[in-house]
Amino acid sequence: MTELGNHNAGIVIVGAGIAGVQAAEGLRKAGYDGALTLVGAEPHMPYDRPPLSKEVLLRAGAENTIALRDENFFAANKIDVMLGKRVCAIERPDRRVVLEDGSRLDYVKLVLATGSRPRVLAGLSPQAPGVFYLRTLADSLMLRATLARGGRVAIVGGGVIGLEVAAVAAGRGLAVTVIEAASRVMARAASPVIGAYLAKRHQEHGVAIRCGVSVDSARQDGDGCWRLALNDGCVVEAEIVVVGVGVVPETSLAGAAGLQVAKEGVVTDGFGRTDDSNIYAAGEVAYHVNGLEKGRQRQENWHHAAAHGAHVGRALIAPDTCYSEICGYWSDQYDTHLMVSGLPAGDVDVVRGDVTTNRFVVFHLVGGVVAGASAVNAAPELRVAKLLVRNRARVPASELQDPSTDLRKVAA
Ligand SMILES: Cc1cc2nc3c(=O)[nH]c(=O)nc-3n(C[C@H](O)[C@H](O)[C@H](O)COP(=O)(O)OP(=O)(O)OC[C@H]3O[C@@H](n4cnc5c(N)ncnc54)[C@H](O)[C@@H]3O)c2cc1C
């Protein structure tokens with residue numbers, strides 16, 4: 001039995017998303033055999049979020065294929081899963097958390113894996129009929145049913161989620177308008193080459209993309225139609241409005257408990273520890289140290305949430321190495337499978353392959369070093385590119401774009 005396992009109270013993990021589940025598994029793998037409780041506000045067994053804007057929106061029944069683990073996993077690993085329970089306070093002096101129903105759970109160590117919540121736009125309340133934000137399975141099922149009934153769709157925000165929803169809606173033959181405040185789509189998440197490529201794909205599918213404009217006011221009329229007045233004087237009419245303008249870290253518990261919180265998340269070190277040595281934070285909520293980068297950062301992608309959750313779980317038992325991970329994300333839009341590793345854009349972006357063939361890679365160079373890569377329908381090439389990123393390879397642009405250069409040799 002580990003030292004922590006000798007306490008009756010055990011370890012409590014708040015948040016049953018990917019980071020929380022990975023933390024629980026990381027603890028067991030590291031040899032922790034004491035009491036372990038995973039508390040989640042949502043009523044469902046832990047599930048994967050990326051399919052919510054892809055398969056689940058596209059296909060009835062896909063929601064039955066998104067469990068993060070099968071039910072046996074939790075029993076076999078003696079993880080007590082409490083679902084539909086929101087933790088509403090942390091009583092640090094007594095080392096216990098308070099649940100919404102007033103019950104309390106003692107902890108010897110606490111992990112906050114509370115993720116993020118959507119940023120809400122003024123005038124477009126998530127409760128308003130016809131307005132959708134997309135974070136949970138319930139959100140996705142409601143949106144799927146609404147899209148099936150038809151109507152014009154306005155998507156506020158041309159980031160990953162907005163464009164994935166646009167692809168599904170356009171694929172159903174609906175009229176879709178994307179409203180993006182930045183001068184191009186995917187401005188935060190992708191390089192200009194990838195942004196332009198995706199914008200073109202959407203336009204080929206009939207999606208109207210309006211960049212450089214924002215919603216000044218929104219009004220729903222008696223006919224159920226939303227009228228979004230843009231700051232350039234235009235009005236976009238739609239029965240269905242989907243808002244995807246980013247997320248904010250779910251730090252309210254940590255903040256109310258007096259833990260150090262920045263606007264980027266709960267402040268942690270390279271092991272997930274907060275400024276209270278009994279409380280850790282993992283995944284998207286953590287403003288964390290990554291040994292491969294300078295300073296702290298917050299990442300909003302599945303790879304990080306999974307890797308960081310596992311790392312923090314292990315670190316609770318065996319804090320040997322600082323979190324050091326090159327993260328990235330993927331996105332599916334129509335028949336485009338985009339994979340990004342490391343930085344999504346550089347000060348120089350080098351294309352290898354032909355953009356018009358729908359299969360190419362973009363290397364993102366920072367100061368001549370390969371700091372990231374984006375692959376469109378080119379998973380094998382991304383595997384090699386990841387090695388270049390990991391090795392911080394300095395490869396001339398001319399070599400990267402030359403199809404005769406064997407990048408496996410360069411990466412070796
Ligand atoms: C629609 C959608 C599509 C995505 N697609 C991709 C993709 O293609 N590729 C990619 O890399 N990333 C994608 N992501 C991002 C990825 O899913 C997230 O980075 C990841 O889910 C973060 O995991 P997490 O466990 O840190 O937080 P979350 O997944 O947000 O889980 C946190 C959990 O904690 C619970 N919680 C919060 N507060 C409390 C409380 N007080 N008490 C109890 N429980 C609480 C929440 O209800 C939630 O279930 C997508 C996200 C969404 C929403």
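Just so we're clear, the structure is a prediction, and the values are computed from it rather than from any experiment. Both ligands and their constituent atoms are indexed starting at 1 by order of listing.
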Among all protein heavy atoms, pick out the one at the shortest distance from atom 46 (C) of ligand 1; state its residue, atom name and that distance to 0.1 Å. Glu42 OE2, 4.2 Å
Checking heavy-atom distances from atom 31 (O) of ligand 1 to each of Arg49, His44, Glu284, the winner is Arg49
My understanding is that we take every heavy atom of each candidate and find the minimum distance to atom 2 (C) of ligand 1. Doing that for Leu68, Ile161, Thr251, Val165, which one comes out nearest? Ile161
I'd like to check which ligand 1 atoms, numbered from 1 as shown, lie under 4.0 Å from a non-hydrogen atom of Ala113. 32 (C), 33 (C), 34 (O)
Looking only at distances, please establish whether an N/O atom of ligand 1 is found under 3.5 Å from an N/O atom of Ala41. yes
At a 4.0 Å threshold, what atoms of ligand 1 neighbour a non-hydrogen atom of Trp302? 10 (C), 11 (O), 12 (N), 16 (C), 19 (O)
Check each atom of ligand 1 against the heavy atoms of Leu134 and keep those under 4.0 Å away; list them by number with element. 1 (C), 53 (C)
Run the numbers on Glu325 and His311 for side chain to side chain contact (heavy atoms under 4.5 Å, CB included), then give the verdict. CA-CA 10 Å; Glu325 196 71 28; His311 181 85; over 6 Å; no
Compare Ser53, Ala286, Ser252, Gly283 and give the one whose heavy atom is closest to atom 3 (C) of ligand 1. Ser53
In terms of residue, atom name and distance, what is the protein heavy atom nearest to atom 27 (O) of ligand 1? Gly115 CA, 3.2 Å
Nearest non-hydrogen contact with atom 13 (C) of ligand 1 belongs to which option: Cys88, Pro50, Ala19? Pro50
CD1 on Ile79 to CZ on Arg28, rounded to 0.5 Å: 6.0 Å
Ligand 1 to Ser116, heavy atom cutoff 4.0 Å, flagged ligand atoms 30 (O)
Between Lys54 and ligand 1, which residue portion shows a heavy-atom distance shorter than 4.0 Å: side chain, backbone, both, or neither? side chain
Which is it for Val312 and Tyr323 under the side chain to side chain contact (heavy atoms under 4.5 Å, CB included) test, yes or no, and what are the steps along the way? CA-CA 8 Å; Val312 171; Tyr323 180 67; over 6 Å; no
Within the 4.0 Å heavy-atom shell around Arg86, which atoms of ligand 1 are there? 38 (N), 39 (C), 40 (C), 41 (N), 42 (N), 43 (C)
Residue and atom name of the nearest protein heavy atom (relative to atom 41 (N) of ligand 1), distance in Å to one decimal: Val87 O, 2.9 Å
Look at Arg144 together with Glu63 and state whether they make a salt bridge at an N to O cut-off of under 4.0 Å. yes
Applying the side-chain hydrogen bond (donor to acceptor under 3.5 Å, both in side chains) test to Gln333, which of Arg201, Glu164, His202 qualifies? His202
Which is it for Glu300 and ligand 1 at heavy atoms under 4.0 Å: side chain, backbone, both or neither? backbone
Ignoring hydrogens, just give me the one of Ser331, Gly15, Ala305 whose non-hydrogen atom is nearest atom 22 (C) of ligand 1. Ala305
Are any of the N or O atoms of Ile18 closer than 3.5 Å to those of ligand 1? yes
Select one of side chain, backbone, both or neither to describe which atoms of Leu253 lie under 4.0 Å from any atom of ligand 1, heavy atoms only. side chain
Find all atoms of ligand 1 within a distance of less than 4.0 Å from any non-hydrogen atom belonging to Asn301, and give their numbers and elements. 11 (O), 12 (N), 19 (O)
Which atoms of ligand 1 are found less than 4.0 Å from any heavy atom of Val14? 40 (C), 42 (N), 43 (C)
Is there a donor in the side chain of Asn377 and an acceptor in the side chain of His337, or the other way round, less than 3.5 Å apart? no
Taking atom 9 (N) of ligand 1 as the reference point, the nearest protein heavy atom with its distance: Trp330 O, 3.2 Å
For Asp276 and Thr274, which I'm curious about, is there any donor-acceptor pair between the side chains at under 3.5 Å? no
